[in-house]
*Asks:* 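What follows is a structure written as structure tokens; I'll ask about it next.
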Amino acid sequence: MQNLLLRVLAAEGKTVMLITHSVDEAIYLSSRIIVVTARPARIKQIIDVKFAYPRHEAIQELPEFGELRKTIRELVMSEYRAQQAQSRPASFSE
């Protein structure tokens, strides 16, 4: 489906906004990734994806792909940890 979407986009020349929880999918399909904060959702960081089009699955094996994946996962996990910390009830000392 991802490759089909890339072919349709190349043929139609349209702009698409894709919302995904898959970091690999975001990198593979996107020219720009917007990482948002936990509630309330705000833009945390905008990342330009430097891989040229047309894209091929082989880019997922490149060290640059892995480095970008790691960077984005760290951003997402920092938001997850912040959200978890906010949802913990405050402990009271007696």
Side-chain angles (χ1 to χ4, degrees):
M1 290 301 292
Q2 293 173 348
N3 291 331
L4 175 61
L5 177 59
L6 288 173
R7 286 193 303 272
V8 169
L9 292 175
E12 298 292 326
K14 304 289 183 184
T15 298
V16 173
M17 183 172 75
L18 171 73
I19 299 171
T20 182
H21 289 94
S22 169
V23 174
D24 287 6
E25 180 176 63
I27 297 168
Y28 183 58
L29 296 176
S30 303
S31 57
R32 183 177 302 139
I33 297 171
I34 300 174
V35 178
V36 296
T37 62
R39 294 182 189 103
R42 304 274 189 257
I43 294 174
K44 180 176 181 92
Q45 189 166 341
I46 300 173
I47 300 165
D48 289 321
V49 179
K50 303 292 186 188
F51 299 112
Y53 290 95
R55 300 261 171 93
H56 301 282
E57 293 173 3
I59 70 166
Q60 296 179 28
E61 304 302 321
L62 296 174
E64 297 89 349
F65 191 98
E67 290 168 16
L68 186 54
R69 177 192 306 123
K70 181 180 177 186
T71 298
I72 294 169
R73 283 185 179 169
E74 287 173 358
L75 287 168
V76 170
M77 290 310 296
S78 72
E79 281 306 309
Y80 175 76
R81 287 189 296 274
Q83 183 180 22
Q84 291 296 93
Q86 287 179 349
S87 66
R88 287 189 198 118
S91 61
F92 295 98
S93 307
E94 293 184 32

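Counting begins at 1 with the first residue of the sequence.
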*Asks:* How many angstroms lie between CD in Glu25 and CD1 in Ile33, if you round to the nearest 0.5 Å?
*Replies:* 10.5 Å
*Asks:* Under a single-linkage definition using a 4.5 Å side-chain heavy-atom cutoff for Ile, Leu, Val, Met, Phe, Trp and Tyr, are Ile72 and Leu18 assigned to the same hydrophobic cluster?
*Replies:* yes
*Asks:* What pairs with Arg32 under side chain to side chain donor-acceptor pair (under 3.5 Å), at least two apart in sequence or on another chain?
*Replies:* Asp48
*Asks:* Can you see which heavy atom on Phe51 is nearest to which on Leu62, and at what distance?
*Replies:* CE2-CD1, 3.9 Å
*Asks:* Write down the atom of Ala38, the atom of Glu79, and the distance for their closest heavy-atom approach.
*Replies:* N-OE1, 2.8 Å
*Asks:* Would Val23 and Tyr80 show up in the same hydrophobic cluster when neighbours are defined by side-chain heavy atoms closer than 4.5 Å?
*Replies:* no
*Asks:* To the nearest 0.5 angstrom, please state how far the CG atom of Leu9 sits from the CZ atom of Arg7.
*Replies:* 11.0 Å
*Asks:* Restricting to non-hydrogen atoms, name the atom on Ile59 and the atom on Phe65 that form the minimum distance, rounded to 0.1 Å.
*Replies:* O-CB, 3.1 Å
*Asks:* Do Ile34 and Val76 sit in the same hydrophobic cluster, where Ile, Leu, Val, Met, Phe, Trp and Tyr count as joined when their side-chain heavy atoms come under 4.5 Å apart?
*Replies:* no
*Asks:* Hey, could you give me the CE/CD distance between Met77 and Gln83, rounded to the nearest 0.5 Å?
*Replies:* 11.0 Å
*Asks:* For the NZ atom on Lys70, are there more than 12 heavy atoms of other groups (residues, nucleotides or ligands in this structure) within a distance under 6.0 Å?
*Replies:* no
*Asks:* Any chance you could measure Tyr28, atom OH, to Arg69, atom CZ, to the nearest 0.5 Å?
*Replies:* 13.5 Å
*Asks:* With a 3.5 Å distance limit and no angle check, can you tell me whether Tyr53 reaches the backbone of Leu6 through a side-chain donor-acceptor pair?
*Replies:* no
*Asks:* For the atom pair OG1 (Thr37) and CG (Leu75), what is the distance rounded to the nearest 0.5 Å?
*Replies:* 11.5 Å
*Asks:* Which atoms form the tightest heavy-atom contact between Ser30 and Val49, and what is the distance?
*Replies:* O-CB, 3.3 Å
*Asks:* Quick check for you: to the nearest 0.5 Å, what is the distance between Leu68 atom CG and Arg73 atom CZ?
*Replies:* 11.0 Å
*Asks:* Is it the case that over 12 heavy atoms from other parts of the model lie below 6.0 angstrom from the CD1 atom of Ile19?
*Replies:* no
*Asks:* Is there a path from Ile43 to Val35 through hydrophobic residues (I, L, V, M, F, W, Y) whose side chains come within less than 4.5 Å of each other?
*Replies:* no
